[in-house]
Enquirer: 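The structure follows.
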Amino acid sequence: MKKSGGYVPVNSARSIDLRKIPVEVKPRYRSDEEYARILLENQERLFELQTQLYASHSKSMLIIFQGMDTSGKDGAIRHVMSGMNPQGCDVTSFKRPNPTELSHDFLWRISKALPERGKI
């Protein structure tokens with residue numbers, strides 16, 4: 001299986017052995033101090049971008065975190081959203097789909113929770 005850009009292409013014509021695909025991600029920083037600096041810079045930039053999004057009031061942003069329990073969604077949300085103004089964000093949690101939701105396409109129920117303009 002050929003690997004390009006960190007992604008492994010999947011050919012539906014043959015089976016794939018997930019045990020053979022590396023899951024370790026190399027860190028993007030050399031030290032805890034560098035990580036803290038990069039995080040702070042990105043949080044400041046994220047806050048600026050959120051402020052512009054809110055001020056323009058013309059677009060919104062939908063971020064979807066999907067994963068099984070204990071997959072790290074909460075930690076990822078905590079890190080990403082730590083640089084944002086919580087008043088400009090709405091969080092919706094989806095549990096097991098009910099029969100009505102199952103009768104529609106996969107993202108149907110998300111449309112009811114789309115953020116208003118200027119919000120994330």
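Residue indices begin at 1 and follow the sequence shown. Please read these numbers as outputs of a predicted model, since none were measured by experiment.
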Enquirer: side-chain hydrogen bond (donor to acceptor under 3.5 Å, both in side chains) with E34: which residues, sequence neighbours excluded?
Expert: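 Counting only residues at least two positions away or on another chain, E34 forms no side-chain hydrogen bond (donor to acceptor under 3.5 Å, both in side chains).
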Enquirer: State, to 0.1 Å, how close P115 and S60 come at their nearest heavy-atom pair, and which atoms those are.
Expert: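 Nearest heavy atoms, P115 then S60: O-OG, 3.4 Å.
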Enquirer: Using a 4.5 Å cut-off between side-chain heavy atoms of Ile, Leu, Val, Met, Phe, Trp and Tyr, which other residues end up in the same hydrophobic cluster as V23?
Expert: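 When side chains under 4.5 Å apart are linked, V23 ends up in no cluster with other residues.
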Enquirer: With the 4.5 Å side-chain cut-off for hydrophobic clustering, are I21 and M68 part of the same group?
Expert: no
Enquirer: Between L107 and F65, is there a shared hydrophobic cluster once you connect ILVMFWY residues whose side-chain heavy atoms come closer than 4.5 Å?
Expert: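 In one cluster with L107: F65, no.
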Enquirer: What distance do D90 atom CG and E116 atom CD have between them, rounded to the nearest 0.5 Å?
Expert: 7.0 Å
Enquirer: Picking from M84, H79, R78, what satisfies side chain to side chain contact (heavy atoms under 4.5 Å, CB included) with M81?
Expert: M84
Enquirer: Would R45 and E41 pass as an ion pair if we require N to O under 4.0 Å?
Expert: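 No, no charged N to carboxylate O under 4.0 Å.
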Enquirer: Are L49 and L53 connected in the hydrophobic side-chain network, where two residues link if heavy atoms are under 4.5 Å apart?
Expert: no
Enquirer: Check whether K73 reaches the backbone of G67 with its side chain - one donor and one acceptor, N or O, closer than 3.5 Å.
Expert: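 Yes, because the side chain of K73 sits within donor-acceptor range (under 3.5 Å) of the backbone of G67.
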Enquirer: To the nearest 0.5 Å, what is the distance between CD on Q50 and CD on E48?
Expert: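 Answer for the CD-CD pair, Q50 versus E48, is 11.5 Å.
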Enquirer: Please check if I64 and F106 belong to a single hydrophobic cluster, counting links between Ile, Leu, Val, Met, Phe, Trp and Tyr side chain heavy atoms closer than 4.5 Å.
Expert: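 I64 clusters together with F106.
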Enquirer: For Y54, give me all partners under side-chain hydrogen bond (donor to acceptor under 3.5 Å, both in side chains), at least two apart in sequence or on another chain.
Expert: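 Counting only residues at least two positions away or on another chain, Y54 forms no side-chain hydrogen bond (donor to acceptor under 3.5 Å, both in side chains).
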Enquirer: Does R37, at its CZ atom, have more than 12 non-hydrogen atoms belonging to other residues, nucleotides or ligands within less than 6.0 Å?
Expert: yes
Enquirer: Got a second to check how far L102's CG is from R109's CZ, nearest 0.5 Å?
Expert: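 Interatomic distance, L102 CG to R109 CZ, rounded to 0.5 Å: 8.0 Å.
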Enquirer: Between L46, L39, I38, which is the residue that forms a side chain to side chain contact (heavy atoms under 4.5 Å, CB included) with N42?
Expert: I38
Enquirer: With the 4.5 Å side-chain cut-off for hydrophobic clustering, are I63 and F94 part of the same group?
Expert: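 No, it is not one cluster - the side chains of I63 and F94 are not joined through contacts under 4.5 Å.
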